[in-house]
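For reference, positions follow the sequence shown, starting with 1. If you're wondering where the values come from, they're calculated on a predicted model, not measured in any experiment.
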Amino acid sequence: MSPPPRVRITHIGGPTILIEVGGWRLLTDPTFDPPGRRYNFGWGTSSRKTTGPAIAPAALGPIDAVLLTHDHHGDNLDDLGRAMLSDVPTVLTTTVGAGRLGGTTSGLAPWETTTLNGADRPTIDITATPCRHGPPLSRPIVGDVIGFALRWDGQHHGQLWISGDTVLYPGIRAIAERLRIGTAVLHLGGVRFPVTGPIRYTMTGRTAVELCQAIRPHTVIPVHYEGWKHFRQPRAAVERDFANAATDIRRSIQWLETGVSTEIPT
């Protein structure tokens, strides 16, 4: 029996990570524009990008698949990220996003599964997981978002899960009942906008700890907490929240240095 594939993750910036496993190279939420520009998100909301990517698209190398949690917000898919999609054989996103993007894009509804197959590479089952990118009844305004759970043979601790932009709500809690999560890549930042006051559109460190109490992942990798003005909870605040968590949760958090490929236990 061959040994399980090793997994390496590179945090490129914001929600963008490169996942390398068994010869596969998977990219999440491509954001490669330089800093300085302001992006409109609709309904009076906008934000300015403050930090550029740690790796430029030209230096990234070939990508087998893009896992795009949603296509309609510039902090998850910007102009340079959008331009690279045509060169990627497989792009997975929401069903409505696939209709907007066309090309090689396929849409997944929550809990729908597709499979990546390749010669001399492990088969990867990819399941879309539910998200709610804001408070109750906000979906018509903020749009559809999904997360992704990745499963392949040899995962000792459980599946690799990318949460997507979401708050903590019953749909996310259901993941603890349906999946065994080994590595949780959590989109944090506690997103807020002046026009909507205290309303949050992504998880905070506190709600991330609450989620981890339910799913008990072996490794937690925070992303989507830096590089934009609307990310309102930086790393230091997340660290404070995790510092007060149970010992196993406190020890699970792993901060990745941007641009550095890091091996992750599976």
Side-chain angles (χ1 to χ4, degrees), residues 2-35 49 51-71 73-94 97-98 100-108 113-128 146-155 159-164 182-183 185 187 221 223-224 227 256-266:
S2 59
R6 299 168 69 180
V7 180
R8 302 192 70 87
I9 295 181
T10 307
H11 187 197
I12 296 171
T16 310
I17 62 171
L18 173 66
I19 303 168
E20 298 174 276
V21 51
W24 292 103
R25 304 183 82 246
L26 315 177
L27 188 71
T28 69
D29 288 359
T31 54
F32 291 99
D33 286 358
K49 189 173 186 179
T51 305
I55 302 173
L60 199 58
I63 298 298
D64 297 300
V66 165
L67 309 180
L68 178 59
T69 65
H70 58 303
D71 69 300
H73 292 156
D75 61 322
N76 296 85
L77 181 67
D78 58 20
D79 291 347
L80 289 180
R82 190 178 297 267
M84 71 177 295
L85 295 183
S86 60
D87 296 325
V88 178
T90 301
V91 179
L92 302 176
T93 191
T94 64
R100 287 189 289 258
L101 292 171
T104 60
T105 307
S106 297
L108 294 175
T113 298
T114 190
T115 302
L116 290 180
N117 293 291
D120 301 319
R121 292 185 286 185
T123 297
I124 300 180
D125 294 328
I126 302 177
T127 299
I146 54 174
F148 298 96
L150 281 58
R151 187 187 66 81
W152 59 84
D153 288 344
Q155 289 174 317
Q159 298 186 41
L160 190 160
W161 174 52
I162 299 108
S163 73
T183 299
V185 179
H187 289 211
I221 299 175
V223 299
H224 194 273
L256 301 186
E257 182 181 351
T258 55
V260 176
S261 176
T262 304
E263 186 167 344
I264 302 299
T266 61

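The line from OG of Ser106 to CG of Leu101 is 11.0 Å long, rounded to the nearest 0.5 Å. We find the CG-CE distance between Asp78 and Met84 to be 10.5 Å, quoted to the nearest 0.5 Å. Rounded to the nearest 0.5 angstrom, Asn76 CG and Thr69 OG1 are separated by 4.5 Å. We find the CD1-OG1 distance between Ile264 and Thr262 to be 6.0 Å, quoted to the nearest 0.5 Å. Note that the CG atom of Leu68 and the CD1 atom of Ile146 stand 8.0 Å from one another [nearest 0.5 Å].
In this structure, the side chain of Thr94 does not engage the main chain of His70 through any donor-acceptor pair within 3.5 Å. In this structure a side-chain-to-backbone donor-acceptor pair under 3.5 Å is present from Asp33 to Asp79.
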(request) Report the C-alpha separation of Val7 and Ile9 in whole Å, then their side-chain angles, then the decisive distance to 0.1 Å, and conclude whether the side-chain contact (heavy atoms from CB on, under 4.5 Å) test is met. (result) CA-CA 7 Å; Val7 180; Ile9 295 181; 4.3 Å; yes
(request) Could you walk me through whether Leu116 and Trp152 pass the side-chain contact (heavy atoms from CB on, under 4.5 Å) test, one step at a time? (result) CA-CA 10 Å; Leu116 290 180; Trp152 59 84; over 6 Å; no
(message) What verdict does the side-chain contact (heavy atoms from CB on, under 4.5 Å) test give for Trp161 and Val185, after you've listed the backbone C-alpha separation in whole Å, the side-chain angles of each residue and the deciding distance to 0.1 Å?
(response) CA-CA 6 Å; Trp161 174 52; Val185 179; over 6 Å; no
(request) Take Leu92 and Thr114, measure what side-chain contact (heavy atoms from CB on, under 4.5 Å) needs, and give me the verdict at the end. (result) CA-CA 9 Å; Leu92 302 176; Thr114 190; 3.7 Å; yes
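With contacts defined as side-chain heavy-atom distances shorter than 4.5 Å, the pair Leu80/Pro34 qualifies.
Each of Ile17, Asp29, Ile12 was scored for a side chain to side chain contact (heavy atoms under 4.5 Å, CB included) with Val223, with one residue passing: Ile17. Exactly one of Thr127, Val21, Leu67, Asp125 qualifies for a side chain to side chain contact (heavy atoms under 4.5 Å, CB included) with Leu150. That residue is Leu67. Paired with Thr123 under the rule side-chain hydrogen bond (donor to acceptor under 3.5 Å, both in side chains), one option of Asp153, Asn117, Thr115 passes, and it is Asn117.
Side-chain atoms of Asp71 and Thr93 include no donor-acceptor pair closer than 3.5 Å. Side-chain contact check for Thr16 and Thr31: at least one donor-acceptor pair (N or O, by modelled atom type) lies under 3.5 Å. Between the side chains of Asp75 and His224, at least one donor-acceptor pair of N or O atoms lies under 3.5 Å.
The nearest pair of heavy atoms linking Leu85 to Pro30 is CD2-CG, 4.3 Å. Between Ala98 and Gly107 the shortest heavy-atom distance is CB-N, 3.5 Å. Considering all non-hydrogen atoms of both residues, Phe148 and Ile126 come closest at CD2-CG2, 3.7 Å. Heavy atoms only, all atoms of each residue included: Pro4 and Gly154 are closest at CB-O, 3.4 Å.
Listed by chain and number, the residues in a side chain to side chain donor-acceptor pair (under 3.5 Å) with Thr28 amount to none (sequence neighbours excluded).
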Pairs of donor and acceptor atoms involving the side chains of residues 51-65, under 3.5 Å and at least two apart or interchain, shall be tabulated with distances.
unit_1	atom_1	unit_2	atom_2	d
Asp64	OD1	Arg121	NH1	3.2
Asp64	OD2	Arg25	N	2.8
Asp64	OD2	Arg121	NH1	3.3

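Applying the salt bridge (charged side-chain N to carboxylate O under 4.0 Å, His left out) definition to pairs two or more places apart or across chains, those involving residues 256-266 are Arg6-Glu263, Arg8-Glu263.
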